[in-house]
Chemist: 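Structure provided below as structure tokens; questions to follow.
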Number of protein chains: 2
Amino acid sequence: MTTAIPSDTHGRLLQATTRLMWERSFQAVSVDDLCARAEAKKGSFYHFFPSKIDLAIAAIENSWEQTRRGVFEPIFGDGSSGLAQLQRLIDMIDEYQSYLATEKGAYLGCPFGNLGQEMARQDDRIRVTLQKIFDAHCGYLEAALTRAEQAGEIQAGNNRERAKKIFALLEGAFLMGKVANDPQVFRSIAPAVMLIAASE
Amino acid sequence: MTTAIPSDTHGRLLQATTRLMWERSFQAVSVDDLCARAEAKKGSFYHFFPSKIDLAIAAIENSWEQTRRGVFEPIFGDGSSGLAQLQRLIDMIDEYQSYLATEKGAYLGCPFGNLGQEMARQDDRIRVTLQKIFDAHCGYLEAALTRAEQAGEIQAGNNRERAKKIFALLEGAFLMGKVANDPQVFRSIAPAVMLIAASE
DNA sequence: TGCGCAATTGACCGACCGGTCAACTTGTTG
DNA sequence: CAACAAGTTGACCGGTCGGTCAATTGCGCA
């Protein structure tokens, strides 16, 4: 029986990719950049991953899984009301993005949205991977809406569609924040989430 | 007195850049690609534009100006009610994107949003240029909301903030459509524009 | 006619891109 | 201990990247 723990280099490569792709972009980051940040040599890179694109896919899957477990499960798995859960997600996003903005000197936006905008038309595997992540994200929003609906917080409606609209609003807010390079933008747009939640 | 008409090559370079950046992305398109599409030689390229980034900026400014005159002015300058104008914009976007999707075999999304997501963090001149375009776009939305408000279609409110929220929703819908590679996504999300317009 | 300048051409450049590879080290297992 | 696989290393590769340039062409104007 061997250890199921992947090599440290493997993990550092994933983390470096997640970070650098977030701070810059997929195409703006070279394999050499990735290796330098992960303190790995190119040979190691290609020992673990067949291509740069494969690493990117592995990195976003890994990143989403971490976010899911570390953020989404805690927020949407607790006993709060549906609307309170939504508000908590918004607050956490805002808080973390603002923190990153002060630390990195720029508003970074959503790592998945960023990559989608950049690569969806150029690599179908990346596109499909992101589609699954978007679906999963919307799933959590929908669950919160259903919870809110059952508690009488909002009127009955198509929560799947509402979730998609909320997700679109958030992604658009990320983009605008990035182009304005200002965390305040997200903050001023996000309240409209509640509008959509409360819609018929 | 010399002709104010810029060389044909200059114009073809702008158009080729607009098109190719929309179909693929800024970084995925090389200067050679641009020249090939514009039927120009590299020397001509650098005769007219000091760098690839300068061409990109000129191309989006030109593209926005054309869109503004060809789409926004006609829609928002006519005598329709504010809400009717908004609806007409949505319909026209949907129609054109669907047409492009069938022609190109893929949902392309918003050329300005695409470029912003990709380049805002890497080139500040591109970022600022897009910021101005976003502002101008929101300006039209705001004007329509004000018109709707004055006609009693919607209740009084902060139309500048409403416009930003609507713009965010639309940009998010573009992104989701691109990642799903499905024009239907925009169609199902866009109605929420009216929700935001009618909000207090 | 001939001058002057914008436009055009294609050859050229160094840097960097993603990716390969054979040799070497290290840790595990019988 | 030997054997083997997993991981590591750095030199190397062809291709393409954005960008340069000197020479040439063609056009408006005196």
Side-chain angles (χ1 to χ4, degrees), chain A residues 1-21 23-60 62 115 118-119 121-126 129, chain B residues 1-21 23-60 62 115 118-119 121-126 129:
Chain A
M1 199 188 294
T2 55
T3 55
I5 301 168
S7 143
D8 194 38
T9 304
H10 184 276
R12 269 181 295 133
L13 241 9
L14 285 180
Q15 211 188 330
T17 305
T18 301
R19 267 319 181 101
L20 283 182
M21 282 192 351
E23 293 173 16
R24 306 219 267 280
S25 79
F26 175 77
Q27 294 172 107
V29 171
S30 73
V31 173
D32 283 329
D33 292 336
L34 261 10
C35 290
R37 172 78 81 111
E39 292 178 76
K41 299 294 147 61
K42 224 183 225 181
S44 291
F45 180 114
Y46 285 98
H47 172 72
F48 290 112
F49 304 97
S51 74
K52 189 189 175 190
I53 285 186
D54 285 274
L55 171 55
I57 290 173
I60 55 169
N62 175 71
L115 187 64
E118 187 189 357
M119 296 299 295
R121 288 244 38 222
Q122 294 174 71
D123 188 278
D124 219 54
R125 283 160 60 220
I126 291 182
T129 304
Chain B
M1 198 188 293
T2 56
T3 55
I5 300 169
S7 142
D8 193 40
T9 304
H10 185 275
R12 269 181 297 142
L13 241 9
L14 285 180
Q15 210 186 332
T17 305
T18 301
R19 268 317 182 101
L20 282 181
M21 283 193 348
E23 292 173 17
R24 306 220 266 279
S25 79
F26 175 77
Q27 293 172 108
V29 171
S30 72
V31 173
D32 284 330
D33 293 336
L34 262 11
C35 291
R37 171 78 81 112
E39 293 178 75
K41 300 294 147 61
K42 222 185 230 182
S44 291
F45 180 115
Y46 285 99
H47 171 70
F48 290 112
F49 304 96
S51 75
K52 188 188 175 190
I53 285 186
D54 285 274
L55 171 56
I57 291 173
I60 55 169
N62 175 71
L115 186 64
E118 187 189 357
M119 296 299 296
R121 288 246 36 226
Q122 293 175 70
D123 187 279
D124 219 54
R125 284 160 60 222
I126 291 182
T129 304

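Here the structure is a predicted model, which means the values were calculated and not measured. Here is how names work: the chains are called A, B, and so on, in the same order as the sequence lines, proteins then strands, and each is numbered from 1.
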Chemist: Please determine, for the side chain of B:F48, which listed nucleotide (D:dG7, C:dA7, D:dT9) has the closest atom?
Modeler: C:dA7
Chemist: Distances for protein N/O vs nucleotides 14-18 of chain D N/O pairs under 3.5 angstrom?
Modeler:
from: D:dG18; atom 1: OP1; to: B:K52; atom 2: NZ; distance (Å): 2.7
from: D:dG18; atom 1: OP2; to: B:V31; atom 2: N; distance (Å): 2.8
from: D:dG18; atom 1: N7; to: B:K42; atom 2: NZ; distance (Å): 3.2
from: D:dG18; atom 1: O6; to: B:K42; atom 2: NZ; distance (Å): 3.4

Chemist: Between P on C:dT8 and CZ on B:F49, what's the gap in Å once rounded to a whole number?
Modeler: 12 Å
Chemist: Tell me, please, which residues at least two apart from A:D123 pass salt bridge (charged side-chain N to carboxylate O under 4.0 Å, His left out).
Modeler: none
Chemist: Give a yes or no on whether B:R37 atom CZ has more than 12 heavy-atom contacts from other residues, nucleotides or ligands under 6.0 Å away.
Modeler: yes
Chemist: Taking the side chain as every heavy atom from C-beta outward, state whether A:L55 and A:F26 have any pair of such atoms under 4.5 Å apart.
Modeler: no
Chemist: Once rounded to the nearest 0.5 Å, what's the spacing between atom CD of A:Q15 and atom CG of A:L20?
Modeler: 10.5 Å
Chemist: Measure the distance from CG on B:L13 to P on C:dT9 and round it to the nearest whole Å.
Modeler: 12 Å
Chemist: Give a yes/no on whether any side-chain N or O of A:T9 is located under 4.0 angstrom from OP1 or OP2 of D:dG7.
Modeler: no
Chemist: Report the residues that fulfil salt bridge (charged side-chain N to carboxylate O under 4.0 Å, His left out) with B:K41, sequence neighbours left out, ordered by chain and then residue number.
Modeler: none
Chemist: A:D54 CG to C:dT20 P: how many Å, rounded?
Modeler: 11 Å
Chemist: In whole angstrom, give the distance that lies between atom CG of B:D8 and atom C1' of D:dC27.
Modeler: 15 Å
Chemist: Under the rule for side-chain hydrogen bond (donor to acceptor under 3.5 Å, both in side chains), what residues qualify as partners of B:D54, not counting sequence neighbours?
Modeler: B:S51, B:R125
Chemist: Quick one: side chain to side chain contact (heavy atoms under 4.5 Å, CB included) partners of B:A28, sequence neighbours excluded?
Modeler: A:Q27, A:Q122, B:R24, B:S25
Chemist: Quick one, A:M21 and A:I60 - any side-chain contact, counting heavy atoms below 4.5 Å?
Modeler: yes
Chemist: OG1/B:T18 to CG/B:L115 distance, rounded to the nearest 0.5 angstrom?
Modeler: 10.5 Å
Chemist: Check every atom of D:dT8, C:dG10, C:dA6 against the side chain of B:K41 and return the nucleotide holding the closest atom.
Modeler: C:dG10
Chemist: At what angle, to 10 degrees, do the two end axes of the helix from C:dT1-D:dA30 to C:dG30-D:dC1 meet, given five pairs define each axis?
Modeler: 10°
Chemist: Can you tell me how far P of C:dG19 sits from CG of A:L55, to the nearest Å?
Modeler: 10 Å
Chemist: Hey, is the side chain of A:H47 poking within less than 4.0 Å of OP1 or OP2 on D:dT8, counting only N and O atoms?
Modeler: no
